[in-house]
Amino acid sequence: GLKIAVIGGGSSYTPELLEGIINNQELLRVEELWLVDIEEGKQKLSIIEGLVKRMIQASGHSVKIIATFNRQEAIKGADYIITQFRVGQLKMRRYDEYIAIKHRVIGQETTGAGGFMKALRTIPVILDICNDIEQLAPEAWLLNFTNPAGIVTEAVLKHSDVKVIGLCNNPINYYKKFAAIYNVSMNDVSINFTGINHLLWLTELYIKGESRIKDVFHGCSDIYEAKNIPDFGWDLQFLRSLGAIPCGYHKYYYQSDQILQQQLEEFKRNETRADQVQKIERELFATYQNPNLIEKPKVLEQRGGAYYSEAAVHLMKSIELNTKEVHTLNVRNNGAISCLPINACIEVNCVVERHQVTPLQVGQVSPQIRGLLQHVKAYEELTVEAGVNGDKGVAHQALTSHPLIPSAEQAKTILKEMFFVNKEFLPQF
Ligand code: NAD
Ligand code: G6P
Ligand code: MN
Ligand code: MN
């Protein structure tokens with residue numbers, strides 16, 4: 001049977017992962033599930049442990065659940081390590097958003113200044129985890145969800161020998177949404193993706209092999225939107241000349257003024273996404289403590305990451321059974337997107353085999369896509385370098401390169417404030 005270690009086990013998303021495991025246990029045959037957290041997450045971990053054990057018991061399957069602070073023991077001999085931790089907890093996410101918005105730039109968990117700061121906090125921790133994996137489970141797959149997933153995965157690809165795959169719930173949610181709209185199975189939906197994590201364009205949509213992307217361009221078909229993304233829609237004329245469907249996170253670039261306006265309002269009311277999530281989380285953990293609860297509750301769908309576990313479980317199943325299927329994953333470019341560096345992390349369709357994951361060739365990217373894609377990837381490349389080497393000059397260049405940061409001066413001011421509140425999380429600087 002499989003040994004799986006979940007780093008950040010106290011996450012409110014864990015019951016969703018359990019649901020996925022339970023539904024696929026006949027094929028997956030998970031023997032041990034280790035939930036790893038740290039002292040700060042003690043209370044959450046113990047509530048999750050209780051719920052997860054009840055879920056397993058109710059399912060009739062026998063999976064051994066071990067909640068622990070001992071990361072090494074959990075990683076040792078594991079087949080899969082799933083990372084879903086948040087360095088500095090939601091408190092630091094709130095700072096990421098607030099410091100940015102205070103300076104009138106977009107404040108977001110993964111995009112812009114907020115995502116940049118989250119990356120700098122996360123990179124030292126993920127590389128430490130990779131060290132453990134290299135020593136204690138060199139054959140294991142690391143499935144990374146920790147955001148900013150593209151940057152964090154790129155740091156691992158460049159600075160460790162660990163077999164890593166970065167995952168996001170966005171791609172699978174497009175399949176789900178289009179399957180529902182066209183009333184077909186997910187297997188009858190094919191999508192061509194180009195881009196990087198949270199900057200993903202859908203360049204083709206096929207339903208049973210027939211191209212249907214024009215349905216979206218003419219408003220006959222809905223697009224998936226995660227719960228954390230503002231829900232104002234797209235200008236269809238704009239989509240037609242773009243020639244692709246942008247992901248929700250593109251709104252931060254294509255509709256920056258409108259988003260910033262909304263964020264300034266939320267800021268005044270103390271209701272940014274971090275505040276909203278803190279509230280949802282309190283509700284979730286209150287629900288989780290109910291001893292009669294034996295399944296994933298509905299409230300979890302209010303979180304942006306809904307169905308992330310389905311992506312993880314499908315992927316593990318594909319690897320285990322060596323089904324050689326296509327999954328949309330964050331992997332090393334290797335030339336699949338020719339206008340990006342060979343060692344960049346990209347998010348595209350990949351063929352998954354038991355021993356390797358290979359990105360499918362994307363081919364030429366239109367200039368509409370290429371400009372923003374190269375711009376943001378250059379920012380990510382610099383962010384990885386800053387996060388690993390702890391060079392403040394590189395950090396300043398990285399943030400200044402981000403398309404949502406208006407000036408070097410502004411970047412410097414934001415950096416200074418962010419570094420001040422993040423001091424304890426930046427051992428590399
Ligand atoms: P959370 O705030 O609940 O954090 C999860 C757990 O991580 C907490 O219990 C915390 O104590 C623990 N943690 C913090 N530092 C740790 C460390 N060094 N080692 C082990 N555990 C540690 O966060 P969340 O909202 O559940 O999200 C978790 C992570 O997953 C975030 O990074 C988030 O951005 C990401 N996420 C990604 C996707 C995706 O699409 N890739 C989807 C959902 C969530
Ligand atoms: C999306 C993204 C995740 C992100 C989440 C945020 O689904 O794909 O990467 O972590 O939303 O959701 P939250 O509820 O934390 O704002
Ligand atoms: Mn084994
Ligand atoms: Mn994501």
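As the structure lists them, so they are numbered: ligands from 1, and atoms in each ligand from 1. Hydrogens, waters and symmetry mates are skipped; everything else that's a heavy atom, side chains included, is used.
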Run the numbers for me: atoms of ligand 2, each under 4.0 Å from some heavy atom of [X], listed by number.
X      : result
Gly304 : 1 (C), 5 (C), 7 (O), 11 (O), 12 (O), 13 (P), 14 (O)
Val277 : 13 (P), 14 (O), 15 (O), 16 (O)
Gly305 : 5 (C), 7 (O), 11 (O), 12 (O)
Asn170 : 2 (C), 8 (O)
Cys168 : 8 (O)
Asn228 : 1 (C), 6 (C), 11 (O), 12 (O), 16 (O)

Any donor-acceptor N or O pair under 3.5 Å, side chains [X], [Y]:
X      : Y      : answer
Arg332 : Asn343 : no
Gln262 : Glu266 : yes
Thr383 : Glu154 : no
Tyr308 : Gln84  : yes
Arg54  : Gln57  : no
Asn228 : Tyr249 : yes
Arg212 : Ser221 : no
Gln258 : Gln261 : no
Thr328 : Asn349 : yes

query = For ligand 2, is any non-hydrogen atom under 4.0 Å from Arg303's backbone (N, CA, C, O), its side chain (CB onward), both, or neither?
reply = both
ask   = Side chain, backbone, both or neither: which part of Tyr307 has a heavy atom under 4.0 Å from ligand 2?
value =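 It is neither part, as no heavy atom is under 4.0 Å.
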To which of [options] does the heavy atom nearest [atom] belong?
atom                    : options                        : answer
atom 12 (C) of ligand 1 : Thr83, Asp37, Ile7             : Asp37
atom 8 (O) of ligand 2  : Asn173, Asn169, Asn197, Leu200 : Asn169
atom 35 (C) of ligand 1 : Phe69, Phe145, Phe85           : Phe145
atom 16 (O) of ligand 2 : Gln302, Arg273, Glu281         : Arg273

Proximity to ligand 1 by part of Val125, non-hydrogen separation under 4.0 Å =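 Side chain only.
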ask   = Where on Arg86 is there a heavy atom closer than 4.0 Å to ligand 1, on the side chain, on the backbone, on both, or on neither?
value = both
Which of the numbered atoms in ligand 1 are below 4.0 angstrom from a heavy atom of [X]?
X      : answer
Gly41  : 11 (O)
Leu167 : 39 (C), 41 (N)
Cys168 : 39 (C), 40 (O), 41 (N)
Glu281 : 3 (O)
Glu109 : 33 (C), 34 (O)
Arg303 : 25 (O)
Asn169 : 40 (O)

Worked verdict on Phe238 versus Tyr254 for ring pair (Phe, Tyr, Trp, His ring centres under 6.0 Å) = CA-CA 10 Å; Phe238 173 75; Tyr254 294 147; 5.0 Å; yes
message = Check contact between Arg93 and ligand 2, using heavy atoms of the residue and a distance below 4.0 angstrom.
response = yes
inquiry  = Below 4.0 Å from ligand 2: does a non-hydrogen atom of His198 turn up there or not?
reply    =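 Distance cut 4.0 Å: His198 passes for ligand 2.
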ask   = If you measure from the Lys or Arg side-chain nitrogens to the Asp or Glu carboxylate oxygens, is any gap between Glu73 and Lys76 under 4.0 Å?
value =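 Salt bridge: no.
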To the nearest 0.1 Å, how far is [atom] from its closest protein heavy atom, and which atom is that?
atom                    : answer
atom 3 (O) of ligand 1  : Lys44 NZ, 2.8 Å
atom 16 (C) of ligand 1 : Ile38 CD1, 3.7 Å
atom 26 (O) of ligand 1 : Ser11 OG, 2.5 Å
atom 10 (C) of ligand 1 : Gln89 OE1, 3.2 Å
atom 2 (C) of ligand 2  : Tyr249 OH, 3.2 Å
atom 6 (C) of ligand 2  : Glu109 OE1, 3.4 Å

inquiry  = Nearest 0.5 Å, please: how far is CD1 in Ile151 from CD1 in Ile123?
reply    = 7.0 Å
query = Of the options Gln108, Lys118, Arg121, which is the one that meets Asp96 in a side-chain hydrogen bond (donor to acceptor under 3.5 Å, both in side chains)?
reply =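 Result: among Gln108, Lys118, Arg121, Arg121 is the only option passing the side-chain hydrogen bond (donor to acceptor under 3.5 Å, both in side chains) with Asp96.
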Quick check: closest heavy atoms across [X] and [Y], and the distance to 0.1 Å?
X      : Y      : answer
Glu347 : Pro171 : OE2-CG, 3.7 Å
Thr14  : Gly8   : OG1-O, 4.2 Å
Phe217 : Leu236 : O-CB, 3.4 Å

ask   = Among Lys296, Met55, Glu295, whose side chain to side chain contact (heavy atoms under 4.5 Å, CB included) with Ile22 holds?
value =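 When side chain to side chain contact (heavy atoms under 4.5 Å, CB included) is applied between Ile22 and each of Lys296, Met55, Glu295, only Met55 qualifies.
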key: Sole candidate of Glu39, Glu281, Glu49 that passes salt bridge (charged side-chain N to carboxylate O under 4.0 Å, His left out) when paired with Lys44   =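 In the set Glu39, Glu281, Glu49, the residue that makes a salt bridge (charged side-chain N to carboxylate O under 4.0 Å, His left out) with Lys44 is Glu281.
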key: Side-chain donor/acceptor of Asp391 to backbone N/O of Val394, under 3.5 Å   = yes
message = Restricting to under 2.8 Å, identify the protein N, O or S atoms around the Mn ion (ligand 4) as residue plus atom.
response = Cys168 SG, His198 NE2
inquiry  = With respect to Asn147, determine whether any N or O atom, backbone or side chain, lies less than 3.5 Å from an N or O atom of ligand 1.
reply    =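 There is such a contact, yes.
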message = Below 3.5 Å, N or O to N or O, backbone or side chain included: is there any such pair between His198 and ligand 1?
response =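 No; the residue has no nitrogen or oxygen that sits under 3.5 Å from a nitrogen or oxygen of the ligand.
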Lys/Arg cation over aromatic Tyr224: Lys176, 6.0 Å, 45° cone = no
Between His250 and Trp234, ring centroids under 6.0 Å = no
Verdict with supporting geometry, Phe285 and Tyr288, ring pair (Phe, Tyr, Trp, His ring centres under 6.0 Å) = CA-CA 5 Å; Phe285 278 91; Tyr288 289 175; 5.3 Å; yes
task = Check whether any side-chain heavy atom of Val421 sits under 4.5 Å from a side-chain heavy atom of Met92, and report yes or no.
result = yes
request  = Answer yes or no: does an N/O atom from Arg86 fall short of 3.5 Å to an N/O atom of ligand 2?
outcome  = no
message = Test your reading of the structure: does Asn147 have an N or O sitting under 3.5 Å from an N or O of ligand 2?
response = yes
task = May I ask whether Lys118 places a heavy atom under 4.0 Å from ligand 1?
result = yes
